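Fair warning: this is a prediction, and the values are worked out from it, not measured in the lab.
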2 protein chains.
Amino acid sequence: MASSIYDLARHLNISIGTVSRALNGRADVNADTRQRVLDAAAKLNYSPNQSGRSLRRGSTHSIAFMLQPHPGDQQYGEPFFIPFLTGLQAKLAERGLDLIVVMGAPGDYQQERLRRVVETRRADAVVLAWTRREDERIDYLTRVGFPFATLGRSRSGGKPYPSLDLDFEKAGADAVDRLVARGHRRIAAIRPSLNLNFGYLFLAGYRKALRRHGIEVDPELIASGFINEAGGYEVTPRVMNSRNPPTAIIFNNDAMALGGCKALAEMGIRPGHDMAVIVIVDTPLCRYFSPALTAFRPPLEPMGRRLAEMLLASIPAYAGEEGPRTIREVWPLELIARDSD
Amino acid sequence: MASSIYDLARHLNISIGTVSRALNGRADVNADTRQRVLDAAAKLNYSPNQSGRSLRRGSTHSIAFMLQPHPGDQQYGEPFFIPFLTGLQAKLAERGLDLIVVMGAPGDYQQERLRRVVETRRADAVVLAWTRREDERIDYLTRVGFPFATLGRSRSGGKPYPSLDLDFEKAGADAVDRLVARGHRRIAAIRPSLNLNFGYLFLAGYRKALRRHGIEVDPELIASGFINEAGGYEVTPRVMNSRNPPTAIIFNNDAMALGGCKALAEMGIRPGHDMAVIVIVDTPLCRYFSPALTAFRPPLEPMGRRLAEMLLASIPAYAGEEGPRTIREVWPLELIARDSD
DNA sequence: CGTTTTTCCGTAAACGTTTACGACAACATA
DNA sequence: TATGTTGTCGTAAACGTTTACGGAAAAACG
């Protein structure tokens, strides 16, 4: 069925060694025989057995991305990740590497699956997303010395590792600046409850900017909920029912914003008229919502490409000439002004 | 670094054969030595090298799912797939199998990536989604005899293969029935333009139901666009500008519905008041949109589990006792009545 | 005590690659 | 002619498993 290197060798009456060398483009093989090998490979529809190759080479030629469904009934996905993965995959494919996405079971926060990937050596490196303030995955990977890179920062991990993050702190501050410039003084912030690092960063920027404007930070205007529509829906009334309700809300996430707007609508409050709304991470939802939501857009696809570069550069076996040699990068978020604030 | 079966053998002063047998739970090994092997494995943190194992076994113990970003700038993902993948992964994990998700490059409709997965034997079987009317992937897989299953039906492929689909035809008809019962006679249908099979099925049900009610099918009320927000936004005005505009619209997809509602809003038309709206495939967006959109909900997570069962049952090496032995199943879609119709 | 059966384990081959090493011929150099 | 150099290729070992086969010891049986 599947042809091996032996089939090629037998077919051409040469040794498997030469076949392998010809296929791998090594120098010590006659140009003529190389061509014959290549032709035979095409004719016999040969393609190398991945298991055999990685066993011998000690590397799998593939990179894993951990995708984690959050707990909760009918949990839907982060549209966020697809363009990022597209960029990641594109850059890896340029280098002949495969991207595999490993699904975790809901709830275990990837620990078990991650161990499995590492221990069975299913990939040469792994890309983590949704980093937490303290992230045991990062500790684990540094401890066992497995190559990795993260989308997002963390305080964990002793040694430096490639990471790419968005400047959520600046985005939080920019959002506040913009709202203050438009006359708002009572600005609420709604962020995810899990200790996802970008939630902290956002809040830090929010606080700093408020103080800079001489506005006291009111704890009643800060709420955290589950990072999905239900979370936003549940938590928004809480800030609205505070003693001194806000005139503007910054949501950390499009899904939370959708839920929040639903809650507002039920209170008869219209975003863009009675309430200013800004979302930190833009998605098509923000653009096509009515009113269109002002949001900060991340360049996800380039981010995927860049993080792949950074990861590859950090692995000796793969290091090539891949742009600048930085190991941590923080990219700006671009504000897309629309109709909701 | 990583301990192999040799390390265990040396550590215990026994042969690698016994170690392997002990680990794999074969009968011909003393209960005592098995325990010692297991203990040593835990102590030395042993876990089998996947490449070595699959090379010898001739199977990878993993199933691939092909995830395809659609072409188009900043294409975001189908939230749809995450719960489905969760179910798939859960069932496969029960059997000790890994699920890997393979990203295609945008545009090539998976052909190239699929070939790569098959030819390098990276997985033992593959799960396809978004099946088309005529699907070359299905033809290819049946031709080369590679095990697969599909989420969705197709007309391709000579031999039967495990497939699980939703009854889009009935959903289309049910939507029409419901709207007619509420007094509508001019009902538009908006569906994806790619020849995705569920678009055809939906439209067939829609047509059939209209005829059953003695309503003439007006081609001007049927439009197809790209299967995302932009598609819905672009195409909805087209049906609204027809000579005899609709009083109700059925969208095939939540993203298209969002775009469509945006277009309606810009024309001053409010879903649920001036226009009835029904969506075929429900997501959290439908529930948290204002007004909440009436939609048909698919049980995605159980579907993932069931399709995994069906796939496994169709592979001799994996067949176990996995529920009913059907090979094609069509599941009903449950209507969730909300405020938009 | 001799024979047969059972239990347990070691040996070695095999899966499909890659690659260090050496062999051989052809050729160049002294 | 003797020696070194270069180009090309075959041989065989190695990667980490699984498993067919056979053998030795122990147990069962007469």
Q: Return the set of residues passing salt bridge (charged side-chain N to carboxylate O under 4.0 Å, His left out) with Arg57(B) (not counting sequence neighbours), or none when no residue passes.
A: none
I'd like a list of close polar pairs between nucleotides 25-28 of chain C and the protein, N/O only, cut-off under 3.5 Å.
none

Q: Kindly write out the residues that satisfy side chain to side chain contact (heavy atoms under 4.5 Å, CB included) with Arg155(B), not counting sequence neighbours, or none if the list is empty.
A: Arg133(B), Glu134(B)
Q. Which letter, B, S or -, goes with each nucleotide of nucleotides 15-24 of chain D from 5' to 3', with contact meaning a protein heavy atom under 4.0 Å?
A. BBBBBB----
Q: Could you tell me, to 10°, how much the axis swings from one end of the helix from dC1(C)-dG30(D) to dA30(C)-dT1(D) to the other, five pairs per end?
A: 60°
**Q.** Near-ring test Phe146(A)/Tyr140(A), centroid separation under 6.0 angstrom
**A.** no
Q. Could you give the distance from OG1 (Thr60(A)) to CD (Gln50(B)), rounded to the nearest 0.5 Å?
A. 11.0 Å
Q) Mind checking what makes salt bridge (charged side-chain N to carboxylate O under 4.0 Å, His left out) contact with Arg26(A), not counting sequence neighbours? A) none
Q: In plain terms, say whether Glu309(A) and Arg306(A) are close enough for a salt bridge, that is, a side-chain N and a carboxylate O under 4.0 Å apart.
A: yes
Q: Please list, chain by chain and in numerical order, all residues satisfying side chain to side chain donor-acceptor pair (under 3.5 Å) with Arg305(B), sequence neighbours excluded.
A: Glu94(B)
Q: Just jot down the salt bridge (charged side-chain N to carboxylate O under 4.0 Å, His left out) partners of Arg153(B), sequence neighbours excluded, or say none.
A: Asp165(B)
(Q) Testing Asn24(A), Ile14(A), Thr33(A) one by one against Val19(A) for a side chain to side chain contact (heavy atoms under 4.5 Å, CB included), which residue passes? (A) Ile14(A)
**Q.** Interface residues of residues 30-41 of chain A with DNA chain D (non-hydrogen, below 4.0 angstrom)
**A.** Asn30(A), Thr33(A)
Donor-acceptor contacts under 3.5 Å from residues 38-45 of chain B side chains, at least two apart:
from	atom 1	to	atom 2	distance (Å)
Lys43(B)	NZ	His11(B)	NE2	3.4

Q: Sequence neighbours left out, what passes salt bridge (charged side-chain N to carboxylate O under 4.0 Å, His left out) with Asp7(B)? Give chain and number order.
A: Arg10(B)
(Q) If the condition is ring pair (Phe, Tyr, Trp, His ring centres under 6.0 Å), which residues does Tyr161(A) pass it with, not counting sequence neighbours? (A) Phe148(A)
